[in-house]
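Below is one structure, written out as structure tokens; comments come after it.
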Amino acid sequence: MALKLYNTLTRQKAEFEPIDPKNVRMYVCGPTVYDYAHIGNARPVIVFDVLFRLLRHIYGPEHVTYVRNITDVDDKINARAARDYPDVPLNEAIRKVTEATEKQFHADIAALGVLLPTYEPRATEYIRRDDGRETMVSLIETLVERGNAYVAEDHVLFDVSSMPDYGRLSNRSLDEMEAGARVEVAPYKKGPMDFVLWKPSKPGEPAWPSPAGIATPGRPGWHIECSAMAGALLGPVFDIHGGGIDLTFPHHENEIAQSRCAHGTSVMANVWMHNGFLQVEGEKMSKSLGNFITINQLLADGWPGEVLRLNMLRTHYRQPIDWTKKGLEESRKILAGWFALDGLDTTDRTSISREVLDALEDDLNTPKAIAELHGLASAKDVKNLGAALGFLGLDGTTLRKANERTAETAQSIASTVIPLITARLEARKRKDFAESDRIRDELAKMGISLKDTKNKETGEIETTWEVTR
RNA sequence: GGCCACGUGGCGGAGUGGUGACGCAGCGGACUGCAAAUCCGCGUACCCCGGUUCAAUUCCGGGCGUGGCCUCCA
């Protein structure tokens, strides 16, 4: 089966045809580094990691270029830096915030089994540079020259009226947008939907020499950075652009406007993919509700990264997810069941089952793929199951780490537990089941569960135990 | 108000114009002193109302509900 992907641009699922099968190119909007990544941020990272793995499988690992940026210039970063490091010069404080957050982000997603993208550019590296690559400043200059952007009060603004099909991705017309606009329009804008490409910096704020003859130093608007990084690393037209569904408008719409007008192309990327939103325990995740869940917190609570990953993939990427504790428990059980099978090896990827690949090639139908995994598990086909799990980024690494931690806990309490188990076995031998059960209950309260097995050779009852919490 | 998704059994979640995927939970059985683990078995679900059709959960229309965007939140 050929790879099919749903394209937001056409609102249809269609067969994917790369521009150049020798170099399949994908761009995904990455995080703005000012705070811990939350579980909603994890979704596109995981979803597009699966797509990256699939593309590498189909076209060959050396024939796929995946760019996921780091946004390290943004007003939210400035605000956070000023708040957290009030006694440090702003630029230095910003560096502290972005470096620490970026490091944390990488640690978090590594636990989720996410491969490194081919390139992970930082926005600040693409404002200006001297190697001839596309930059935000060069894009802005081009847009001004071509009449798609104008200078007003030290800002550079994109003139949306200069682009006839602005709004095509999000399927809305300029009239509709203007009618529905609820924001106060800055007086220097020609049209209410015009958006900022460049804005002046206040003293002390990060600032770069401005384009288009503006004397005051400034900084880029949000949308231009993705256009610049995508253009610099993937060229004017590439295959796939991904991100959260909330970015469709205005971010992606504006990216398209900038890139297409600057490059004179009819599309920026052929396929636009958007992952659905995530709710927590049936409610919208928000700071005011206090249900903001970070990846870091989930990991700290003892959930192996692979459980988070599986939990994410149990829902199709375009569907909304209700992220619940119950779902996590279920994912943990499923994974534990698979990894308990004898002979499972996730490093041998020679036989990834056709059924699993077919499911993934059908617009990344991960729930279907997971159902196939269940089938392989019940057929005890550990060869195909292991291969598919490894392929999906569920290679057991974080499960093993969690098991090691449990083993350490077990070791630390073994001296308390073992005498109790011995006493219970003795009670059992003399058929004092009341005492035997009392000891088992006592252990259960400590989070220890027991298993009695009969030794086939000696006929003796033996008890194994494990820490369940 | 405009635009867009989505509504399947207790829960999660595929899929299909006509034989009730799959998983978790639950129930029954085997095993066990009893459990646990394991194995075997068990479910008459497709938001509502119309329409098309021999036949609709699946197609069409309307309604209701949930969520998203229209505010530099993935």
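Source: prediction; values computed, not measured. Numbered from 1 within each chain, the chains take letters A, B, ... in sequence-line order.
- Rounding to whole angstrom units, CD1 of residue A:Ile461 and C1' of B:rA35 are separated by 12 Å.
- Scanning RNA chain B for stems, defined as runs of 3 or more consecutive Watson-Crick or G-U wobble pairs whose donor-acceptor distances all fall under 3.5 Å, gives the following ranges: B:1-7 with B:64-70, B:10-12 with B:22-24, B:26-30 with B:38-42, B:47-51 with B:59-63.
- Of the residues near RNA chain B, A:Asp322 and A:Met285, the one whose nearest nucleotide (by heavy atom distance) lies more toward the 5' end is A:Asp322.
- Across B:rC22, B:rA74, B:rC72, the shortest atom-to-atom separation from the side chain of A:Asp74 is found for B:rC72.
- Ring geometry for A:Phe249 versus A:Tyr166: interplanar angle over 60°, hence perpendicular rather than tilted (30 to 60°).
- Side-chain proximity of A:Ala371 to B:rA74, B:rC73, B:rA21: nearest is B:rA21.
- One P atom belongs to B:rC69, the other to B:rC27, and the distance between them is 41 Å to the nearest Å.
- As judged by a 4.0 angstrom heavy-atom cut-off over every strand, A:Leu278 is placed among the base-contacting residues.
- Rounded to whole Å, the C1' atom of B:rC46 lies 4 Å from the corresponding atom of B:rU8.
- With A:Tyr6 as the aromatic partner, A:Arg318 meets the cation-pi criteria of under 6.0 angstrom to the ring centre and within 45 degrees of the ring axis.
- Comparing B:rG67, B:rA74, B:rG23 by their closest approach to the side chain of A:His38 singles out B:rA74.
- Residue A:Arg424 is classed as a base contact, given a heavy-atom separation below 4.0 Å to a base.
- Closest to the side chain of A:Lys451, from the set B:rA21, B:rG68, B:rA37, is B:rA37.
- Checking B:rU71, B:rA14, B:rC39 against every side-chain atom of A:Lys380, the shortest atom distance belongs to B:rC39.
- Comparing A:Thr453 and A:Gln319, the nucleotide of RNA chain B nearest to each residue sits closer to the 5' end for A:Gln319.
- Atom CG of A:Asn275 and atom C1' of B:rG68 are 12 Å apart (whole Å).
- Of the candidates B:rC22, B:rA74, B:rC69, the closest approach to any side-chain atom of A:Lys284 belongs to B:rC69.
- If you check B:rC34, B:rC72, B:rA14 against the side chain of A:His316, the one that comes closest is B:rA14.
- Both geometric conditions, a ring-centre gap below 5.5 Å and a plane tilt below 30°, are fulfilled for A:Phe277 over the base of B:rA74.
- In this structure, A:His155 contributes its side chain and A:Leu157 its backbone to no donor-acceptor pair below 3.5 Å.
- Taking every heavy atom of residues 323-339 of chain A and every atom of RNA chain B, pairs under 4.0 Å involve A:Lys326, A:Glu330, A:Lys333, A:Ile334, by number.
- Between the A:Asn311 side chain and the A:Gly327 main chain, a donor and an acceptor come within less than 3.5 Å of each other.
- Counting any heavy atom pair closer than 4.0 Å across all strands shown, A:Arg314 reaches sugar-phosphate atoms only and no base atom.
- Contacts between residues 432-441 of chain A and RNA chain B, defined by a heavy-atom separation below 4.0 Å, involve A:Phe433, A:Ser436, A:Asp437, A:Arg440, listed by number.
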